[in-house]
Peer 1: 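Handing you this structure, nothing more for now.
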Amino acid sequence: MVEIAAQIGDTLSDIPDGARLMIGGFGGSGAPIELIHALIDRFNTTGQPKNLTVINNNAGNGGVGIAAMISAGMVAKMVCSFPRSADAVAFGTAYMNGDIELELVPQGTLAERIRAGGAGIPAFYTPTSFGTDLAIGKATEEFEGKMYVRERWLKADFALIKAECADRLGNLTYRMAARNFAPLMAMAAEVTIAQTRTLLDPGGIDPQEVITQGIFVDRLIAVPSPEQEEALVRDEVNYA
Amino acid sequence: MVEIAAQIGDTLSDIPDGARLMIGGFGGSGAPIELIHALIDRFNTTGQPKNLTVINNNAGNGGVGIAAMISAGMVAKMVCSFPRSADAVAFGTAYMNGDIELELVPQGTLAERIRAGGAGIPAFYTPTSFGTDLAIGKATEEFEGKMYVRERWLKADFALIKAECADRLGNLTYRMAARNFAPLMAMAAEVTIAQTRTLLDPGGIDPQEVITQGIFVDRLIAVPSPEQEEALVRDEVNYA
Amino acid sequence: MTLPKLTGAQIAWRAAQDIEDGAYVNLGIGLPERIAQFQPEGRTVTYHTENGVLGFGDAPAPGQEDWDLINAGKKAITIKPGASFFNHADSFAMVRGGHLDLAVLGAYQVAENGDLANWSVGSKGVPAVGGAMDLVHGAKRVAVITDHVTKDGKPKLMRECTLPLTGKACVTRIYTSLAVLDITPMGFVLREKVPGVSFDQLQTVTGAPLHIDETVQDLKAPEV
Amino acid sequence: MTLPKLTGAQIAWRAAQDIEDGAYVNLGIGLPERIAQFQPEGRTVTYHTENGVLGFGDAPAPGQEDWDLINAGKKAITIKPGASFFNHADSFAMVRGGHLDLAVLGAYQVAENGDLANWSVGSKGVPAVGGAMDLVHGAKRVAVITDHVTKDGKPKLMRECTLPLTGKACVTRIYTSLAVLDITPMGFVLREKVPGVSFDQLQTVTGAPLHIDETVQDLKAPEV
């Protein structure tokens, strides 16, 4: 059953040191900036949570969102496909200094591993990465004349995601390409926390148009005017 | 690119003897009755296609749809999870006479094997069926203290499905629980043929509400007033 | 020996009392389906059906059926506000991924280690499995609801199942016409029994040892 | 030796000519993206981007960007009528499942057996792979578009890649600043070359033998 929080901090207060967090978004599209910043606020006040493993396609940009988490020293490890970009200074610095661990995963494999975690599939075979450095140490097998790599599911303790609409049962929709990883992460995390621009009564979303079903969502917080990471980065905002 | 057919028979004319067909629907909900009956018409006229393998959750009911295909002698093998019901006389008779082969697959495994076929995943592990007769001969493995069975993808030459709305680029939506296997089958078949109640211009479906993307659909035929299998069975209609 | 026993409806009533507020539940076809009608007042329970509906409600009035809106038993249903539709892979991701709180299934046989047989009576007839083999591995708790014995009076609770298995070591609680039992590392542990049936009588119609590890309560259900 | 060669835009123009009407295409970040602007008139091509958009169009006018509507390169895009949004697993089901007709990628190196290296220049710096390793295994055809040589004038077409691989035996066609080549069981087969560059000159800047199995056409592109 979904809990509807009055304060954003209430949704995050039990995330412990060492937790595995999936954070939605591809670049800034779909990044739950308010949830991330509330988690940084908690860290700045209490010193927790730290030593986090963060699973996201990227590794943060500029001085906000995941980049600000990294700069604050909350993140021990990133699991992502593309931690390199013009604005990924926070991760790049931490990585080159040896202050953060990186598990690099091809983007489609990352998505499928997360889905598998949510769908009860502990392992699957993909052609992706066969014969490359990213397949080193992984089992391989031939099916119908083609070689495949075996990959394991990926789960998390918490998922932080950004929805466009939610109803009070936790059913969600997303805005355009902001959907990306969020529906998968909602399935794969023990506790899924969603910020939503609008919060409707049950029935407010057409049952045929629900993207994430309420069964996958544990906590909701209304954020009626969410920030857009890309705009913050362009404005050179630093969240510290 | 999707072809929009003028006559329903045009969409089916190249299905050969021995083809593997996925047919959408769970019981009567989502059954593409007009496509199935058009295929029976072709068989009655030309003697083709026959020796078909049909993949569906069930094995037909009453005297219409897949049951009528079986009675007509077009089907050599069914791949399904639940071929038994009060009205599944056609399959039951053929099966007890040894006239039809059955591959029985647990329902969730059937769905996941079809998805895997569409998603380029040749094999995956599931807890389903471990230690049962349906796992005999299959590889098993322990992950994190639990035993799993390895299952293979399932693909088809053709998929026949029923949509509620389509646009001319092949994007589809479905009506309520008639969705069931159709989006998966559209992904897993070499050629996907959809009948649709309404046919709209591109843009007629909100891009956020598309369930099956046009990339998975090859042929469309408008069937503005589709029959409902359950109603036909209750009316004891026989299509022969 | 005719023992006093609960009706099917009463077993369903008893099982309904254990479903907590806010639970996501899948009810098997047949007797388990009847549990929904005994949901205690004030609890919100969301029902899942394999064919891609979450949050369905009662059957529609006769003549009001929409055959695109059915459950896994292919019966017409209605939906409640906040319901959702999804495809079969997503539906079984909910099941296999452990997102359901409870699945309640029927049984031919249950073994003392939690093995369940409920899909095949052997080689005669057309075999059919449906979603049962998925449900037994997915839900956080898997309960069985059944008569205590077969129509011939033979035990359904056994040391080992003799019929083809649906799943191994998957059942954790059993609601029968005579008793409520948990499956533990010890085997069948008796939690409740119908008043008027002695422990020895119950043991006689059970195919494996019954254990007691705390007070056995009376199994009572209203006339329903 | 300075050879006459195509500009990046001209290579993109040439690659665009081969994209058939009705194709579903993924264009890699950078030079491959420019192919879209040279799509021949009268052809409908549907572009896919990894982050869950099918059927996107041109970049919006400056100031009109919506940062929820971006491509895999994180650039703002627009959508065409009939576009659709989907999650990342569905997006890579399209890729890995072989539903794209064509993926066009950049390259650091391509080997004569079709091996591609385009994601890592070695151990220095932050590694990043994105969707490239998926794309090389998914699309029905995988083409590369690249300068024929590195900025230092070294061959990018080789017997074997020396940089970390993106995928093995995955590339089938290469559009370079000097030539169009197919990868066949023989190795690199020359299909077109820039007029004014001799076969021997081309061989000199190519790190593996060039083969000819039919007439070599002139590689010509308009000023674009």
Side-chain angles (χ1 to χ4, degrees), chain B residues 26-30 57-59 61 80-85 87-88 91-92 95-96 102 104-112 114-116 118-119 126-135 146-148 164 174-185 187 211-212 228-231 234, chain C residues 29 49-54 56 65-79 83-98 115-117 119-120 122-138 161 163-170:
Chain B
F26 180 92
S29 170
N57 186 66
N58 307 99
N61 283 294
C80 59
S81 91
F82 209 87
R84 187 175 67 206
S85 77
D87 293 315
F91 176 82
Y95 181 77
M96 298 312 268
L102 171 65
L104 191 69
V105 183
Q107 197 175 128
T109 299
L110 182 64
E112 191 67 12
I114 297 170
R115 181 194 175 271
T126 174
T128 302
S129 92
F130 176 76
T132 77
D133 292 353
L134 296 190
K146 184 169 171 173
M147 293 301 297
Y148 293 85
E164 175 67 6
Y174 304 93
R175 188 163 175 273
M176 300 194 289
R179 186 183 304 185
N180 55 68
F181 284 91
L184 313 173
M185 291 176 167
M187 292 167 66
I211 302 298
T212 291
Q228 196 74 14
E229 183 184 280
E230 184 69 27
R234 284 169 185 248
Chain C
I29 298 173
T49 184
E50 293 95 305
N51 54 313
V53 190
L54 196 65
F56 64 89
E65 298 90 352
D66 182 326
W67 297 111
D68 283 342
L69 185 52
I70 61 175
N71 65 13
K74 302 184 182 72
K75 295 197 190 78
I77 55 174
T78 56
I79 52 169
S84 54
F85 298 110
F86 35 87
N87 72 42
H88 246 86
D90 288 345
S91 183
F92 281 89
M94 289 179 194
V95 172
R96 210 190 301 104
D115 286 359
L116 172 67
W119 75 279
S120 169
S123 59
K124 270 176 267 171
V126 176
V129 63
M133 284 193 186
D134 304 279
L135 284 164
V136 297
H137 287 292
C161 297
L163 291 172
L165 291 189
T166 305
K168 290 183 79 70
C170 52

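Letters go in sequence order (proteins before strands), and every chain restarts at 1. Computed from a prediction, not measured in an experiment: that's the story for all the values here.
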Peer 1: Only counting residues at least two apart or in another chain, list the ones meeting ring pair (Phe, Tyr, Trp, His ring centres under 6.0 Å) with F92(C).
Peer 2: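 If we apply the ring pair (Phe, Tyr, Trp, His ring centres under 6.0 Å) test to F92(C), skipping adjacent residues, the hits are H88(C).
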
Peer 1: Let's test your reading of the structure: which of A111(B), P127(B), A182(B), G27(B) forms the most heavy-atom pairs below 4.5 Å with chain C?
Peer 2: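 So the answer, after comparing A111(B), P127(B), A182(B), G27(B), is P127(B).
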
Peer 1: Would you give the length of the straight line joining atom OG of S120(C) to atom CG of D133(B), rounded to the nearest 0.5 angstrom?
Peer 2: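 Going from the OG atom of S120(C) to the CG atom of D133(B) covers 7.0 Å.
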
Peer 1: Taking side chain as C-beta onward, heavy atoms only, is E230(B) less than 4.5 Å from E65(C)?
Peer 2: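 Sidechains of E65(C) and E230(B): no contact.
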
Peer 1: Is the closest side-chain heavy-atom distance between D68(C) and E164(B) below 4.5 Å?
Peer 2: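 The answer is no; the side chains never approach within 4.5 Å.
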
Peer 1: Calculate, to the nearest 0.5 Å, the distance between atoms CG and OG1 belonging to L135(C) and T128(B) respectively.
Peer 2: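 Result: 9.0 Å between the selected atoms.
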
Peer 1: Less than 4.5 Å to any heavy atom of chain B: does that hold for the side chain of A76(C), its backbone, both, or neither?
Peer 2: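 Neither part.
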
Peer 1: Between atom CD of Q228(B) and atom CH2 of W67(C), what is the distance when rounded to the nearest 0.5 Å?
Peer 2: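 If we round to the nearest 0.5 Å, Q228(B):CD and W67(C):CH2 are 9.5 Å apart.
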
Peer 1: Less than 4.5 Å to any heavy atom of chain C: does that hold for the side chain of R84(B), its backbone, both, or neither?
Peer 2: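 Backbone plus side chain of R84(B), per the 4.5 Å heavy-atom cut-off to chain C.
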
Peer 1: Can you confirm whether L104(B) sits close enough to W119(C) that some side-chain heavy atom of one is under 4.5 Å from a side-chain heavy atom of the other?
Peer 2: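 Of all side-chain heavy-atom pairs linking W119(C) with L104(B), at least one is under 4.5 Å.
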
Peer 1: Strictly distance-based, threshold 3.5 Å: is any side-chain N or O of R96(C) a donor or acceptor partner for the main-chain N or O of G108(B)?
Peer 2: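 Judged by distance alone, yes, a pair lies under 3.5 Å.
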
Peer 1: Please look at V95(C) and chain B and tell me whether the side chain, the backbone, both or neither of the residue comes under 4.5 angstrom of a heavy atom of that chain.
Peer 2: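 V95(C) has no heavy atom closer than 4.5 Å to chain B.
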
Peer 1: Working to the nearest 0.5 angstrom, can you tell me the gap between N51(C) CG and M176(B) CE?
Peer 2: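 Rounded to the nearest 0.5 Å, the CG-CE separation comes to 11.5 Å.
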
Peer 1: Is it true that the NZ or CZ of K74(C) lies under 6.0 Å from the centre of F26(B)'s six-membered ring and within 45 degrees of the ring axis?
Peer 2: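 Checked: cation-pi criterion met.
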
Peer 1: Taking only residues two or more places apart in sequence, or in another chain, which ones meet Y95(B) in a ring pair (Phe, Tyr, Trp, His ring centres under 6.0 Å)?
Peer 2: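 Per chain and number, Y95(B) pairs via ring pair (Phe, Tyr, Trp, His ring centres under 6.0 Å) with F91(B).
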
Peer 1: Holding to ring pair (Phe, Tyr, Trp, His ring centres under 6.0 Å), I want the full list of residues that pass it with Y174(B), two or more places apart in sequence or in another chain.
Peer 2: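 Here no residue qualifies.
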
Peer 1: Measuring only between side-chain heavy atoms, which start at C-beta, is D66(C) closer than 4.5 Å to R175(B)?
Peer 2: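 A side-chain contact exists here, since the closest heavy-atom pair is under 4.5 Å.
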
Peer 1: Within the structure provided, determine whether N87(C) and L184(B) are in side-chain contact (heavy-atom separation under 4.5 Å).
Peer 2: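 They are in contact (side-chain heavy atoms under 4.5 Å apart), so the answer is yes.
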
Peer 1: So which bits of residues 126-134 of chain C come within less than 4.5 Å of chain B, counting non-hydrogen atoms only?
Peer 2: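 V126(C), P127(C), A128(C), V129(C), G130(C), G131(C), M133(C), D134(C) fall under the 4.5 Å cut-off.
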
Peer 1: So for P183(B), is it side chain, backbone, both, or neither that comes closer than 4.5 Å to the heavy atoms of chain C?
Peer 2: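 Only the side chain of P183(B) comes within 4.5 Å of chain C.
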
Peer 1: Of the backbone (N, CA, C, O) and the side chain (C-beta and beyond), which part of I114(B) lies under 4.5 Å from a heavy atom of chain C, both, or neither?
Peer 2: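 The answer is neither part of I114(B).
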
